[in-house]
Each structure stands twice: as structure tokens, then as C-alpha cells.
Amino acid sequence: LNRLLAAQRARRLRTFSIAVVVVGVLASAGWLFRDTLLPPDPIGDVADAARVTLEQSGDARAALAQIDAGLVMSPTSRLLLAWRSVLAAELGDDAGAQRAAAQATNAGGSKDFLLERATLNVQLGRADAALADGEALVALDSQMPEAYYLRASGHELRGDIDEIQKRYDQYCEMLRV
């Protein structure tokens, strides 16, 4: 019985050791090939850099310069075009904001662009712009729950308590359908 238990323990130890070695080899391979397995996102990096610039210095022109540099790499990126539209409008360049919106609409559709821009406006705390984009989304697709949520978020940023409840109720009703 002792020999049988010793043999069983030896098998378990051997199995455990093999499993540890296999996991170690796989983890090492994953670490070595991480750039291939998880490539960097240059568009996301540009947007993140613009966000950091805007948050730290408040310099919309510097953030816009970063976005424009990213648009050289990917001229049809909805994310970067949404950023360009928001920043150009903030700087008073309504024509530039409209050009970016038109370019994004041509590249991927107005609904996707408005969704991206409304989300960005909510993240940046721009209540009126988020509300306007949310309203435009509801007008385009009244069956889109995200539109109601973004519209409610715009009211939340404004502090309109009654409207928040009304819009969130509409959003919840959309989710039940």
C-alpha cells in the first residue's frame, strides 16, 4: 500500500511539474511574441495623447495638431474624425468641424459617426454637444437604445434632473423591447 501511494504521489508530482513547465513555456512565448499577438493601436494612441494634452494643458490647438497627425496615418478613422470635429468646433472653426463630419459620414455613415462623437462629447463633459448629437441619433434611429442613453447623459451633464429621469426611462424602455 505504501508503494502504491508513493507511486501515485510521484505521478501527481510529475503531472504537476509538467503542467508548471508547459504554463511557463506558454507564458514566456506569449511575452516574447506580445507585439505580434497584441499589436499596438496607433489610432487609439493618438486619441489618448490628444485627450491627455487636452486634460493637462487645456490646449485644444495642440490636441488638434495631434489628431491631424493621426489623420495622416488613417484619414478615414471615425474616432479621429470625431475628435477633429469636436476640437474644431471648440476652436470656433465650424467649417472644419463640418468637413470632418462630412468626411466621417462618407467613410462610415452618419449614425456611426454621431455615435462616436456623442460618446466623445460625453467623455469630455460637453453637455450641449452631447445632447445635440443624442437628439440627432434619436432622429436617425428611434430604435437605438444608445441614442437615448447618450441624450440622457447630455442632460445629466447639464444637471437637468427631471429630464435625466425621463430620458433614462426612455432608455430602459428601449432595452426592454
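Just so you know, these numbers come straight off a predicted model, no measurement behind them.
When all heavy atoms are compared, the tightest approach of Ala118 to Gly134 is CB-N, 4.5 Å. Closest heavy-atom contact between Ala130 and Val122: CB-CG2, 3.6 Å. Summarising the geometry of Ala104 relative to Phe113, their closest heavy-atom pair is CB-CD1, 3.2 Å, with the distance given to 0.1 Å. Shortest non-hydrogen contact noted between Pro75 and Leu81 is O-CD1, 3.8 Å. Residues Ala47 and Leu80 come closest through the heavy atom pair N-CD2, 4.3 Å. Residue Ala50 comes nearest to Ala63 through the heavy atom pair O-CB, 3.7 Å, listed as atom of the first residue, atom of the second, then distance.
With values rounded to the nearest 0.5 angstrom, Leu71 atom CG is found 7.0 Å from Ile67 atom CD1. Met73 contributes atom CE, which lies 8.0 Å from atom CG of Asp45 (distance to the nearest 0.5 angstrom). With rounding to the nearest 0.5 angstrom, the OG atom of Ser77 is 13.0 Å from the CZ atom of Arg84. Separating the CD1 atom in Ile43 from the CG atom in Asp48 is a distance of 11.5 Å, to the nearest 0.5 Å.
Hydrophobic cluster membership is shared by Leu140 and Leu150, with clusters built from Ile, Leu, Val, Met, Phe, Trp and Tyr side chains linked at under 4.5 angstrom. Under a hydrophobic clustering in which Ile, Leu, Val, Met, Phe, Trp and Tyr are joined whenever their side-chain heavy atoms come within less than 4.5 Å, directly or via other members, Leu120 and Leu131 fall into different clusters.
Under the side-chain contact (heavy atoms from CB on, under 4.5 Å) rule, Val86 has a single partner from Leu124, Leu91, Asp133, which is Leu124.
With a 4.5 Å cut-off on side-chain heavy atoms, Ser142 and Tyr148 count as touching. Residues Arg151 and Leu137 have side chains not in contact (no heavy-atom distance under 4.5 Å, counting atoms from C-beta outward). Leu54 has its side chain out of reach of Asp59: every pair of non-hydrogen atoms, C-beta onward, lies at least 4.5 Å apart. Side-chain contact check for Leu115 versus Met144: some heavy-atom pair is nearer than 4.5 Å.
Although no hydrogens or angles enter the test, the distance criterion places a donor-acceptor pair under 3.5 Å between the side chain of Asn121 and the main chain of Arg117. Judged by distance alone, with hydrogens and angles left aside, the side-chain atoms of Gln8 form no donor-acceptor pair with the main-chain N or O of Arg3 at under 3.5 Å.
A donor-acceptor contact under 3.5 angstrom links the side chains of Arg51 and Gln123, judged on distance only. Side-chain polar atoms of Thr53 and Gln66 form a donor-acceptor pair below 3.5 angstrom. A donor-acceptor contact closer than 3.5 angstrom links the side chains of Gln165 and Asp169.
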Result block: side-chain N/O donor-acceptor pairs under 3.5 angstrom for residues 152-162, not counting sequence neighbours:
from: Ser153; atom 1: OG; to: Tyr149; atom 2: O; distance (Å): 2.9
from: His155; atom 1: ND1; to: Asp160; atom 2: OD2; distance (Å): 3.4
from: Glu156; atom 1: OE1; to: Tyr168; atom 2: OH; distance (Å): 2.8
from: Arg158; atom 1: NE; to: Asp128; atom 2: OD1; distance (Å): 2.9
from: Arg158; atom 1: NH2; to: Asp128; atom 2: OD1; distance (Å): 2.8

Which donor-acceptor pairs under 3.5 Å do the side chains of residues 22-39 make with protein atoms, sequence neighbours left out?
from: Ser28; atom 1: OG; to: Gly24; atom 2: O; distance (Å): 2.9
from: Arg34; atom 1: NH1; to: Trp31; atom 2: O; distance (Å): 2.6

